[in-house]
Structures are given as structure tokens and as C-alpha cells.
Student: 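Encoded as C-alpha cells, here's the structure I'll be asking about.
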Amino acid sequence: MCCKCCGETQRKAWVFGLGSLFMILGILIVVFWPGLADHLVEDGLKLKPGTDTYDSWLEAPIPIYLSFNMFNWTNPEEIRNPNVKPNFVEMGPYVFLEKHKKENFTFYENATVAYYERRTWFFDAEKSNGTLDDMVTAAHAITATVADEMRHQKKILKKIINFMLNHEGGELYTTKPVGEWIFKGYQDNLTDFLNLFNTSVIDIPYKRFGWLADRNESLTYDGLFTIHTGTDNIANVGKLTHWNGKAETGFYEMPCGVVNGTTGDLFAPKMNVKDEITIFATDACRFMNLRPEGTLENHGLTATRWVGTEETLDSGENYPNQACFCDPRLEECPKTGVVECKACRDKAPIYSSFPHFYLADKHYLDAITGMNPDKAKHEFVMAIEPTTGVPVQVHGRIQINMMIEPDDDYDIYRGVSKVLMPMFWFDQYAELSPELASKAKLAINLSSYGIIFGYSLVGFASLVIITGVALTLTKRWVRRDDDEAMLTN
């Protein structure tokens with residue numbers, strides 16, 4: 001349109017009309033965009049086909065690593081010497097790339113989904129310090145399991161067990177390659193005999209012993225999970241309702257036996273950074289509470305750090321509310337910082353702690369040598385961006401230990417000291433990629449971007465209207481002849 005063809009009335013209509021339109025549009029955006037943006041973000045965070053959350057949940061979009069640090073028992077021949085403590089040297093880390101994939105999943109009308117997760121590991125030699133052929137000496141797990149399981153049996157039965165241990169491969173300790181200790185598993189004479197013996201009195205449910213034997217590429221090892229999808233209430237997304245079809249684990253008395261928390265890969269948005277979070281650890285068959293402690297800056301995101309504390313692995317010594325994590329059949333509950341996992345780990349005398357007994361009772365450190373607990377290296381931490389619930393950095397660090405106890409009925413354990421032997425510790429770690437961090441920042445700032453745009457429209461509209469008012473007051477809507485003459489001279 002040619003402005004020279006417009007009269008004063010038409011020009012006023014265009015200026016004040018457009019100014020009013022931009023003003024109204026800007027006000028509407030400022031008022032309604034935050035709610036619309038929140039709805040868009042929350043809808044994208046729900047676990048349903050077509051969302052980024054669904055794609056990331058189905059198959060982890062970032063590399064996850066599992067590093068093993070093995071403890072080599074350097075002086076097992078001195079176990080009966082009261083003046084010499086068992087000494088351990090840490091070896092590793094031995095790092096594996098870990099792939100996650102959800103399979104056999106079923107969505108239900110009650111806003112839950114049940115699924116299995118297949119995890120596959122690939123050794124990463126470049127990130128590792130050592131090879132899978134490195135030799136490690138550690139307590140003989142099968143012998144310790146048999147002795148512990150039969151500890152309170154009648155003398156005559158224990159004599160038979162003692163004969164079996166002495167003649168069919170029972171040992172106080174054994175030396176095997178790292179690869180066999182972890183995934184491959186090793187052939188063991190005692191295991192072979194017990195499988196051949198095939199008795200319900202001593203149940204050894206595997207052919208080869210390895211800490212993660214039969215687990216690599218297994219679909220069912222970790223169990224069947226049922227979680228909320230958040231489609232009915234976004235605050236519930238990722239929360240576990242059942243594990244293996246049950247709301248209780250069956251391994252601990254209630255309420256410690258409840259299936260609770262998240263699996264660690266999905267968290268609800270708008271998290272309260274003052275509250276604890278709960279994760280469910282299948283390796284320990286239990287939930288763990290983490291406490292907020294500080295923040296972490298990464299890829300332009302500010303994440304809240306939730307960490308393991310003295311309470312996380314307490315069995316009632318200092319926190320009575322966790323006393324149900326101690327098996328009442330035990331003669332003595334573990335001291336703080338150590339939890340018993342026998343029922344969960346095929347009745348083996350397995351106990352978990354943080355690496356190097358970090359935050360554990362000093363009793364465990366004083367019984368051995370070679371431990372150097374360090375908060376920076378051994379803390380269990382999950383750094384989560386609280387607005388979106390997106391994990392930014394994760395270090396899931398747990399140590400597996402085995403109890404060795406004296407028992408005069410068994411030649412192998414006669415005269416030994418009662419010691420909690422560190423076997424290995426692992427760190428499952430992952431970090432948000434820059435690309436996913438950019439998406440998270442967009443979700444966080446989407447409401448602000450709209451508000452800024454809305455205010456910009458209001459400002460532009462105000463400028464247009466003010467210009468119109470100024471032109472009206474100065475009667476400059478139509479250029480006069482003397483003005484044109486002045487411009488041309």
C-alpha cells in the first residue's frame with residue numbers, strides 16, 4: 001500500500017490498529033504462554049510412544065559405563081596369624097561399555113508399563129587399567145557359602161560337609177583371571193560336585209561362578225519391572241509399583257521390603273531439591289534413600305546432587321527406622337555402612353557397602369589394610385536437573401564384600417579371624433550429552449522465551465501507539481507543503 005495514497009484517518013487506523021493488535025497479542029502470550037509451555041514440556045516428559053522420554057527410556061541415548069575395581073588379597077596364608085591383618089591391593093579399573101534396551105514391554109490402562117531390560121557389556125580396553133587376564137586372589141565364594149549356610153546344622157551333618165569340603169574342592173581362597181571373576185565365570189570343582197550331588201540341602205544355582213556370570217545379554221536377570229508412565233499424573237512418572245509382579249521383595253521385613261523408588265533412569269519434573277529421593281537397587285534387592293547435597297554445573301545446566309549418606313546403608317544401628325533391613329535370624333546386625341544381602345544373593349554371605357567402606361563403621365577398616373576411603377572417589381551420587389527430572393551425571397558406586405568367619409567344625413575355617421573381605425567395587429556412571437543438555441535447557445527456558453517475546457510485542461506495540469499519539473498531538477499525520485519544500489532545499 002502506498003502511504004501517500006492514505007489519508008490521515010487511514011493512517012491513524014493502521015497505526016493504532018496494529019499497535020492495539022500487537023499489544024493484545026503480547027498480553028495474551030504473557031498471560032497464557034507459561035501454562036501452555038508447562039503443558040507442552042510435561043507432555044513430552046510422559047512415558048508414551050512419540051515422546052523424547054519414550055525414545056530415551058527404550059534405549060539409552062548416551063554411553064553408560066560400568067567399571068570394576070578388584071581387590072587382590074595379598075597375604076591369605078597369614079589369615080590365622082592374629083598379628084597380621086588381611087591386606088588388599090586395588091586393581092583396575094576394568095571398564096565395560098553398558099547398553100540398555102527395554103524389551104517385552106506392555107502398557108496398561110492404569111498408566112503403568114511392565115518391561116524387562118536387557119543389559120549388554122563390552123570390555124573397553126582403552127579406558128581400563130589392566131586386562132581381563134590379570135590374576136586376582138580372593139576368598140573362595142562357594143566354600144564360604146556352603147560353610148555359612150550349614151553353620152547351624154547338627155554336628156554329624158557338619159562333619160560330612162567338612163569331609164566334602166576337604167576332598168571335593170573346598171578352598172579358603174582362589175586365584176582366577178579378572179574376566180572369569182566378573183562375567184565369564186570359572187570352573188570350580190566344588191561347584192561341579194554340588195551340582196552332581198543335586199541336593200536341596202545346599203542349593204548352588206549356577207554351573208560356573210562369576211560375580212555377573214549369566215548376566216551379560218540376559219533379558220530376565222534383573223527381573224520384571226512395573227513403573228508409572230506419568231500419563232495420568234506426571235508426578236508419578238518412573239515410580240516403581242512392582243518388581244517381578246510383586247509390591248514386596250520378600251527379602252526384608254516390611255516396610256523395608258516394599259518395592260519403592262525409581263530404577264534411576266526416570267524422575268518426575270519439578271523435584272523438591274530439599275527432599276530425599278529413593279532408588280531401587282536390584283543388586284541389593286532393596287531401595288536406597290539419597291539426600292540432597294549441593295549442586296553440579298554441567299553443559300549449562302545446574303543439577304542438584306543427591307548422595308548416599310550414613311543412613312543409606314544403615315541397618316538400624318544409628319537409624320532405627322532402618323532396623324528392618326537386618327535379618328532377625330542374624331546373630332549380630334551389621335554395623336552402620338554395611339548391609340547384609342544373603343537372601344538376595346543366593347544365600348552367599350554377601351554384604352554391600354560404599355567403596356573402601358566409605359561412611360562405614362571404623363570397625364571394618366581397622367580389621368584389614370589397604371582401604372583408603374575418599375568422598376570424591378567413592379561417593380554414591382546422582383546429579384539431577386530438578387525442573388525436568390533429567391539425570392545430568394550419575395556415579396552409582398557400591399562395594400561387594402564377603403564375610404569370613406571362624407568355625408572349628410570346618411578345617412578350612414578353623415582358627416581364622418572374622419573378617420568382612422572386600423571383593424570388588426563398581427561404578428556405574430553416565431553423563432548427559434551436550435545435545436540432550438540443549439534439549440533440557442530449551443524445556444527449562446521455554447516459558448521464559450515466550451514471556452520475553454510477549455513483553456517484546458507489548459514494548460513494540462507501546463512504541464507504535466506512542467508514535468501515533470505524538471503524531472496526533474503535533475498534527476503530523478499528513479506532510480504539509482512547507483515541510484516538503486524544506487526537505488528539498
Side-chain angles (χ1 to χ4, degrees), residues 60 63-72 90-101 103 116-125 127-142 144-145 174-188 191 195 204-225 243-244 251 263-265 280-286 339 341-355 380 394-402 421-430:
I64 302 171
Y65 293 96
L66 184 66
S67 71
F68 287 87
N69 293 267
M70 312 300 294
F71 287 112
N72 185 43
E90 182 175 299
M91 298 175 61
Y94 304 93
V95 182
F96 295 79
L97 175 65
E98 181 174 324
K99 297 287 188 179
H100 289 203
K101 189 174 182 180
E103 298 183 23
Y116 289 98
E117 183 172 57
R118 189 188 302 276
R119 293 202 280 176
T120 309
W121 290 273
F122 307 89
F123 182 62
D124 191 328
K127 291 183 179 294
S128 301
N129 180 29
T131 73
L132 297 182
D133 294 325
D134 293 345
M135 303 301 288
V136 172
T137 298
H140 193 273
I142 307 303
T145 300
T174 187
T175 302
K176 300 293 179 183
V178 169
E180 293 186 5
W181 274 114
I182 301 176
F183 283 111
K184 188 176 180 180
Y186 60 82
Q187 184 276 331
D188 181 76
T191 303
N195 280 299
I204 302 296
Y206 35 77
K207 303 297 183 182
R208 299 172 65 86
F209 178 80
W211 293 112
L212 274 71
D214 303 323
R215 190 167 183 175
N216 201 354
E217 297 188 273
S218 172
L219 178 64
T220 59
Y221 190 97
D222 286 332
L224 177 67
F225 301 93
W243 183 46
N244 292 322
F251 295 112
T263 56
D265 51 2
F280 188 80
T282 56
D283 289 316
C285 305
R286 55 165 286 178
V339 292
C341 305
K342 288 183 183 180
C344 176
R345 298 268 67 95
D346 301 319
K347 300 180 181 179
I350 298 297
Y351 295 74
S352 62
S353 66
F354 292 128
F380 191 113
V394 175
H395 281 282
R397 297 163 172 147
I398 292 293
Q399 180 170 298
I400 301 300
N401 313 281
M402 179 169 290
M421 300 281 192
M423 306 298 281
F424 70 95
W425 69 272
F426 65 84
D427 180 5
Q428 185 184 46
Y429 62 94

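Values reported hereafter were calculated over all heavy atoms of this structure, with side chains retained and with hydrogens, waters and symmetry mates removed.
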Student: Can you check whether V136's main-chain N or O pairs, donor with acceptor, with N72's side chain at less than 3.5 Å?
Tutor: no

Student: Are there more than 12 heavy atoms of other residues, nucleotides or ligands under 6.0 Å from atom CG of D214?
Tutor: no

Student: Can you label the angle between the W211 ring and the W181 ring as parallel, tilted or perpendicular, going by 30° and 60°?
Tutor: parallel

Student: Taking all heavy atoms of A144 and all of P349, pick out the closest pair and write down the distance.
Tutor: O-CG, 3.9 Å

Student: Identify the two heavy atoms, one from V95 and one from K127, that lie closest to each other, and give their separation to 0.1 Å.
Tutor: CG2-O, 3.4 Å

Student: Can you tell me how far NZ of K176 sits from CG of D133, rounded to the nearest 0.5 angstrom?
Tutor: 13.5 Å

Student: Is there a donor in the side chain of S353 and an acceptor in the side chain of N401, or the other way round, less than 3.5 Å apart?
Tutor: yes

Student: Enter the distance from N244:CG to D222:CG here, rounded to the nearest 0.5 Å.
Tutor: 9.5 Å

Student: Looking only at non-hydrogen atoms, find the nearest pair between C285 and F280 and report the distance.
Tutor: C-CZ, 4.2 Å

Student: Do you know which two heavy atoms are closest between G223 and Y116, and how far apart they sit?
Tutor: O-CD2, 3.4 Å

Student: For a side chain to side chain contact (heavy atoms under 4.5 Å, CB included) check, start with the C-alpha distance between M91 and D134, then their side-chain angles and the critical distance, and finish with the verdict.
Tutor: CA-CA 9 Å; M91 298 175 61; D134 293 345; 3.9 Å; yes

Student: If I take atom CD1 from residue I398 and atom SG from residue C341, how far apart are they, to the nearest 0.5 angstrom?
Tutor: 9.0 Å

Student: Please give me the minimum heavy-atom distance between W425 and E90, naming the atom from each residue.
Tutor: NE1-OE1, 3.0 Å

Student: Does a side-chain heavy-atom distance below 4.5 Å link F426 with L66?
Tutor: yes

Student: For the atom pair CZ (F71) and CD (Q399), what is the distance rounded to the nearest 0.5 Å?
Tutor: 4.5 Å

Student: Mind checking what makes salt bridge (Lys or Arg N to Asp or Glu O under 4.0 Å) contact with R208, not counting sequence neighbours?
Tutor: none

Student: So does D283 pair up with R215, basic N to acidic O under 4.0 Å?
Tutor: yes

Student: Yes or no on side chain to side chain contact (heavy atoms under 4.5 Å, CB included) for Y65 and D124, after CA distance, side-chain angles and deciding distance?
Tutor: CA-CA 9 Å; Y65 293 96; D124 191 328; 3.9 Å; yes

Student: Taking the side chain as C-beta and beyond, is there a heavy-atom pair between F68 and P93 under 4.5 Å?
Tutor: no

Student: For a quick check under 3.5 Å, do W121 and E217 share a side-chain donor-acceptor pair by atom type?
Tutor: no

Student: Taking the side chain as everything from C-beta on, heavy atoms only, tell me whether K207 gets closer than 4.5 Å to N195.
Tutor: yes

Student: Between atom CE of M135 and atom CD of E180, what is the distance when rounded to the nearest 0.5 Å?
Tutor: 7.5 Å

Student: Using the test salt bridge (Lys or Arg N to Asp or Glu O under 4.0 Å), find all partners of E103 that sit at least two apart in sequence or belong to another chain.
Tutor: R118

Student: Measuring from atom OG of S218 to atom CD of E117, what distance do you get when rounded to the nearest 0.5 angstrom?
Tutor: 11.5 Å

Student: Please examine the side chains of I400 and I350, heavy atoms only from C-beta on, and report whether any two atoms are closer than 4.5 Å.
Tutor: yes

Student: What closest approach, in Å, do P177 and L132 show between heavy atoms, and which atom pair accounts for it?
Tutor: CB-O, 3.6 Å

Student: Are any of the side-chain heavy atoms of F122 and T120 separated by less than 4.5 Å?
Tutor: yes

Student: Should N216 and R119 count as side-chain neighbours, where that means a heavy-atom distance under 4.5 Å?
Tutor: no

Student: So, applying ring pair (Phe, Tyr, Trp, His ring centres under 6.0 Å) with F183, which one of F96, Y221, Y94 is it?
Tutor: F96

Student: Do F225 and T263 make a side-chain contact, defined as non-hydrogen atoms from C-beta onward lying under 4.5 Å apart?
Tutor: yes

Student: Quick one, L224 with W243, criterion side chain to side chain contact (heavy atoms under 4.5 Å, CB included). Give me CA distance, side-chain angles, the key distance, then yes/no.
Tutor: CA-CA 6 Å; L224 177 67; W243 183 46; over 6 Å; no

Student: For I182 and M70, what are the C-alpha separation, side-chain angles and deciding distance, and is it a side chain to side chain contact (heavy atoms under 4.5 Å, CB included)?
Tutor: CA-CA 9 Å; I182 301 176; M70 312 300 294; 4.2 Å; yes

Student: Between D188 and H140, do the side chains contain a donor N or O and an acceptor N or O under 3.5 Å apart?
Tutor: yes

Student: For residues V394 and Q428, determine if any side-chain heavy atom of one lies less than 4.5 Å from a side-chain heavy atom of the other.
Tutor: no

